[in-house]
Amino acid sequence: AGNAHLNYLRQCLSLAERSPPRATNFRVGALLVQRRDESGHTTDDRILSTGYTLELPGNTHAEQCCLLNFAAAHAVRDDDNDKDDCIAEALPSDPIRRVLLYVTMEPCARRLSGQTPCVQRILQTRTAGRRGIDKVYFGVREPDTFVGESQGCRMLTAAGVEWEHVAGLEEEILAVAMAGHDHREDKAGKVEDGKEGEGKQG
Ligand SMILES: Nc1nc(=O)c(N)c(NC[C@H](O)[C@H](O)[C@H](O)COP(=O)(O)O)[nH]1
Ligand SMILES: [Zn+2]
């Protein structure tokens, strides 16, 4: 089952590469999968939706876009025009199939912009008696760039949502996630083997 998880994270990574680089967030990719059972048989998995950071208008996260794309594709009533609330109704709630979220980076528990964090959006899928998202697989914990020590996993556990860090793609995921970040200050700050100021390129 291990490489099935890695394959899905590789797909998430290519989604993340579509995200426009910004210094103010991470480039992340997300995939919603429905699986008959957790015993690792992925033969009849169904890909329910995909998403990447800033795919949809506004300051949107990959997981947020993935869920909103699914709701839009299932023409969920948007009479209260806040699709987030009725995503749960759109997601399949099949007793013998689990809904899994694959995402390159740990879902956020806090956002500097103050928007609804993705952990909340995941929990919102598990309301109104719906199964919602059963488990989250991610490739890296959220770095401390914006919010310090990440709380996503702790909040998922507290809410009874399973999660698993899938190792193996950390470097690639972080390189894509932080492509828009200004790396000069750490070069200027860092004294590389005795050399002051500008670090060497590469
Ligand atoms: N899992 C995840 N998926 C994303 O698509 C994304 N952009 C982040 N990023 C987490 C980071 O903590 C927030 O991007 C900053 O806290 C800035 O907050 P905004 O994004 O402006 O709301 N994390
Ligand atoms: Zn988020």
Side-chain angles (χ1 to χ4, degrees), residues 5-6 8-33 48-72 82-85 87-88 91 99-126 132-159 161-183 185:
H5 299 321
L6 267 181
Y8 283 129
L9 283 180
R10 274 196 198 88
Q11 289 180 49
C12 292
L13 192 54
S14 2
L15 286 161
E17 285 173 333
R18 295 191 212 166
S19 177
R22 292 278 185 286
T24 51
N25 65 19
F26 296 115
R27 298 164 81 217
V28 177
L31 197 61
L32 204 59
V33 175
L48 298 177
S49 185
T50 64
Y52 58 86
T53 311
L54 300 181
E55 176 186 5
L56 296 178
N59 177 5
T60 48
H61 280 195
E63 304 92 316
Q64 180 180 3
C65 295
C66 186
L67 290 171
L68 287 170
N69 286 335
F70 185 83
D82 182 2
K83 276 204 176 68
D84 297 358
D85 297 344
I87 289 168
L91 283 177
V99 174
L100 311 169
L101 179 68
Y102 284 86
V103 56
T104 50
M105 184 178 291
E106 171 190 17
C108 62
R110 191 165 75 79
R111 296 177 52 164
L112 292 186
S113 69
Q115 288 193 58
T116 309
C118 299
V119 167
Q120 295 316 109
R121 297 172 189 277
I122 292 165
L123 301 187
Q124 277 165 4
T125 67
R126 299 158 60 90
I133 291 170
D134 288 288
K135 184 167 181 178
V136 180
Y137 291 92
F138 57 85
V140 293
R141 301 298 288 260
E142 178 178 350
D144 62 6
T145 317
F146 301 107
V147 295
E149 171 86 23
S150 66
Q151 301 297 319
C153 296
R154 198 180 57 73
M155 288 180 68
L156 289 171
T157 301
V161 181
E162 290 175 76
W163 54 268
E164 182 178 330
H165 168 228
V166 179
L169 287 169
E170 288 83 352
E171 275 182 41
E172 297 88 332
I173 289 173
L174 290 174
V176 168
M178 298 201 250
H181 294 194
D182 178 358
H183 302 289
E185 71 276 1

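In listed order, ligands and their atoms are each counted from 1. Computed from heavy atoms alone, side chains included, the values below leave out hydrogens, waters and symmetry copies.
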message: Is there a side-chain contact (heavy atoms from CB on, under 4.5 Å) between Asn69 and Leu56? Walk through the geometry before answering.
response: CA-CA 9 Å; Asn69 286 335; Leu56 296 178; 3.6 Å; yes
query: Between Arg110 and Leu112, is a side-chain contact (heavy atoms from CB on, under 4.5 Å) present by the stated rule, with each step listed?
result: CA-CA 7 Å; Arg110 191 165 75 79; Leu112 292 186; 4.0 Å; yes
task: Might you work through the side-chain contact (heavy atoms from CB on, under 4.5 Å) test for Ile87 and Gln124, ending with a clear yes or no?
output: CA-CA 8 Å; Ile87 289 168; Gln124 277 165 4; over 6 Å; no
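Ring geometry for Phe146 against Phe26 counts as perpendicular: the plane angle is over 60°, on a 0 to 90° scale with 30° as the lower cut.
Among the atoms of Glu106, some N or O lies under 3.5 angstrom from an N or O of ligand 1. Considering backbone and side-chain N/O atoms, Ser113 comes within less than 3.5 Å of an N/O atom of ligand 1. Considering backbone and side-chain N/O atoms, Ala62 comes within less than 3.5 Å of an N/O atom of ligand 1.
The shortest distance between side-chain heavy atoms of His165 and Glu106 does not fall below 4.5 Å. Between Arg10 and Leu169, some side-chain heavy-atom pair lies under the 4.5 Å cut-off. In this structure, Asn25 and Leu54 have side chains that are in contact, with non-hydrogen atoms separated by less than 4.5 Å.
With salt bridges taken as basic N to acidic carboxylate O contacts below 4.0 Å, one links Glu164 and Lys135.
Atom numbering of ligand 1 starts at 1 in the shown order; those under 4.0 Å from a heavy atom of Asn25 are 7 (N), 14 (O). Residue Thr53 approaches ligand 1 through these ligand atoms, each under 4.0 Å from one of its heavy atoms: 4 (C), 5 (O), 7 (N). Taking every non-hydrogen atom of Met105 and a distance limit under 4.0 Å, the qualifying atoms of ligand 1 come out as 1 (N).
Residue Glu142 touches ligand 1 through its side chain alone, judged by heavy-atom distances below 4.0 Å. When heavy-atom distances to ligand 1 are checked against a 4.0 Å cut-off, Phe26 comes that close through both its backbone and its side chain. Contacts with ligand 1 closer than 4.0 Å are made by side-chain heavy atoms of Val28 only, the backbone lying farther away.
For the atom pair OH (Tyr52) and OG1 (Thr60), the distance works out to 9.0 Å, reported to the nearest 0.5 Å. In this structure, the separation between CD on Glu170 and OG1 on Thr104 is 11.5 Å, given to the nearest 0.5 Å.
By the 4.0 Å heavy-atom criterion, Gln115 is excluded from the residues contacting ligand 1.
Scanning all protein heavy atoms for the shortest distance to atom 3 (N) of ligand 1 gives Glu63 OE1, 3.0 Å. Of the protein's heavy atoms, Leu112 N, 3.2 Å lies nearest to atom 18 (O) of ligand 1. For atom 20 (O) of ligand 1, the nearest protein heavy atom (residue, atom name, distance) is His61 NE2, 2.7 Å.
Geometry note: the Zn ion (ligand 2) is the vertex, Cys118 SG and Cys108 SG are the arms, and the angle is 110° (rounded to 10 degrees).
The N, O or S atom of His61 lying closest to the Zn ion (ligand 2) is ND1.
Nearest-residue assignment for atom 17 (C) of ligand 1 (options Thr60, Asn59, Thr24; heavy-atom criterion): Thr24.
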